[in-house]
Amino acid sequence: MTVWEAIAVLVAGVGAGMINVIVGSGTLITFPVLLAVGLPPVTANVSNSFGLVPGSASGVLGYRRELVGQGARLARFGTASLLGGVLGAYLLIELPSAAFDAIVPVLILLALVLVVLQPRVAKAVAARRRPDGDPHGGPLLLVGIFLTGVYGGYFGAAQGVLLLAMMGMLLQEDLQRINGVKNALAMIVNSVAALFFLFTSTVNWTAAGLIAAGSLVGGMVGAKVGRRLPPQALRAVIVVVGLAAIVKLLAT
């Protein structure tokens with residue numbers, strides 16, 4: 001990796017850490033950059049999972065006030081995320097790399113659609129809330145969080161968008177507190193997947209370290225000032241970079 005490539009990966013890590021805390025689609029920033037510097041898709045995904053763990057942790061720390069009083073909810077949802085993340089990481093290692101190469105462009109396209117539709121989803125969430133709703137969202141939400149964990153362990157782009165949508169619709173809770181839970185669940189999935197990959201796959205430690213350093217800074221910035229950034233600009237960046245990733249994957 002050249003100096004300029006290393007700088008690009010570091011900057012991508014900063015952007016991903018910030019976006020993950022605010023919305024939850026930072027992989028759409030880092031993954032294409034890792035492909036561009038020459039990493040194979042599966043190695044890029046595994047290294048990315050390692051790199052985003054510090055950013056997730058800094059996001060949780062930044063939202064610690066919003067997590068007060070949600071211990072029981074975190075234990076319930078966190079268990080589902082952990083189990084889902086393990087299964088997703090297992091599928092990534094066990095399925096042939098050709099399957100990953102074929103599936104990921106579709107997953108990225110799905111993630112981009114979710115990012116674009118996120119404002120409409122937020123409006124629908126606000127309209128459907130009921131004051132008498134289940135405080136834990138019921139079994140449907142638990143299953144949804146587990147399946148999102150599977151997705152996150154396998155690839156993970158826009159898992160935060162999925163979590164925000166599901167919890168926003170099924171929980172009677174302030175959206176900032178839901179965002180805090182989303183950050184905690186994403187950290188659990190990223191961490192358990194990274195631990196699984198440590199013993200089962202190949203990690204590019206240079207890339208993982210650069211993304212880790214960048215995402216740590218980006219997560220702190222996102223937790224403090226990210227709410228002031230224009231969401232339209234963030235979504236535009238995500239869509240452009242995600243489309244570039246699809247082109248790169250289809251061209252290889």
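Looking at Asn190 and Ser56, their side chains do bring a donor and an acceptor atom within 3.5 Å of each other.
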Exercise for the section: Please test Ser47 against Leu39 for side-chain contact (heavy atoms from CB on, under 4.5 Å), starting from the C-alpha separation and ending with a verdict. Expected result: CA-CA 9 Å; Ser47 304; Leu39 269 65; 4.2 Å; yes
Handout entry: Worked check of side-chain contact (heavy atoms from CB on, under 4.5 Å) between Asn204 and Thr202
Key = CA-CA 7 Å; Asn204 185 303; Thr202 301; over 6 Å; no
Problem - Derivation of the side-chain contact (heavy atoms from CB on, under 4.5 Å) call for Val181 and Gln70 - result: CA-CA 8 Å; Val181 175; Gln70 299 199 80; 3.3 Å; yes
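For the residue pair Leu74 and Leu67, the shortest heavy atom distance occurs at CD1-CD2, 4.0 Å. Nearest heavy-atom pair, Leu52 versus Ala16, reported as atom, atom and distance to 0.1 Å: CD2-CB, 3.9 Å. The two residues Gly59 and Asn183 make their nearest non-hydrogen contact at O-ND2, 4.0 Å. Taking both residues in full, the closest heavy atoms of Ser58 and Gly219 are given as OG-CA, 3.2 Å, listed atom of the first, atom of the second, then distance. Looking at every heavy atom in both residues, Ser201 comes nearest to Val46 through OG-CG2, 3.6 Å. Nearest approach of Val53 to Ser191, heavy atoms of both residues: CG1-OG, 3.5 Å.
Hydrophobic clustering (ILVMFWY, side-chain heavy atoms < 4.5 Å, transitive): Val86 and Phe197 are in one cluster. With hydrophobic clusters built from ILVMFWY side chains whose heavy atoms lie under 4.5 angstrom apart, Val203 shares a cluster with Phe155. Ile7 and Ile211 fall into different hydrophobic clusters, where Ile, Leu, Val, Met, Phe, Trp and Tyr are joined by side-chain heavy atoms under 4.5 Å apart, directly or via other members. Under the 4.5 Å side-chain heavy-atom criterion for Ile, Leu, Val, Met, Phe, Trp and Tyr, Val217 and Leu61 are members of distinct hydrophobic clusters. Both Val42 and Phe199 are members of a single hydrophobic cluster when ILVMFWY side chains are connected at heavy-atom separations under 4.5 Å.
Aromatic ring pairs are classed by plane angle as parallel below 30°, tilted from 30° to 60° and perpendicular above 60°; the pair Tyr154 and Phe100 is tilted.
Considering CG of Asn45 and OG1 of Thr27, their distance stands at 7.5 Å, rounded to 0.5 Å. To the nearest 0.5 Å, atom CZ of residue Phe196 and atom OH of residue Tyr90 are 7.5 Å apart. To the nearest 0.5 Å, atoms CG (Leu210) and CG (Leu34) are separated by 9.5 Å. Note that the CG atom of Leu92 and the CG atom of Leu87 stand 11.5 Å from one another [nearest 0.5 Å]. Here the CZ-CG distance, from Phe50 to Asn48, works out to 11.5 Å after rounding to the nearest 0.5 Å. Atoms CG and OH, on Leu91 and Tyr151 in that order, are 14.0 Å from each other to the nearest 0.5 Å.
The side-chain heavy atoms of Phe146 and Ser81, taken from C-beta on, include no pair separated by under 4.5 Å. By the 4.5 Å heavy-atom criterion applied to side chains, Met167 and Leu141 are counted as neighbours. Side-chain contact between Val104 and Phe31 is present, with at least one heavy-atom pair separated by less than 4.5 Å.
Ser215 contributes no side-chain N or O that, together with a main-chain N or O of Gly17, makes up a donor-acceptor pair within less than 3.5 Å.
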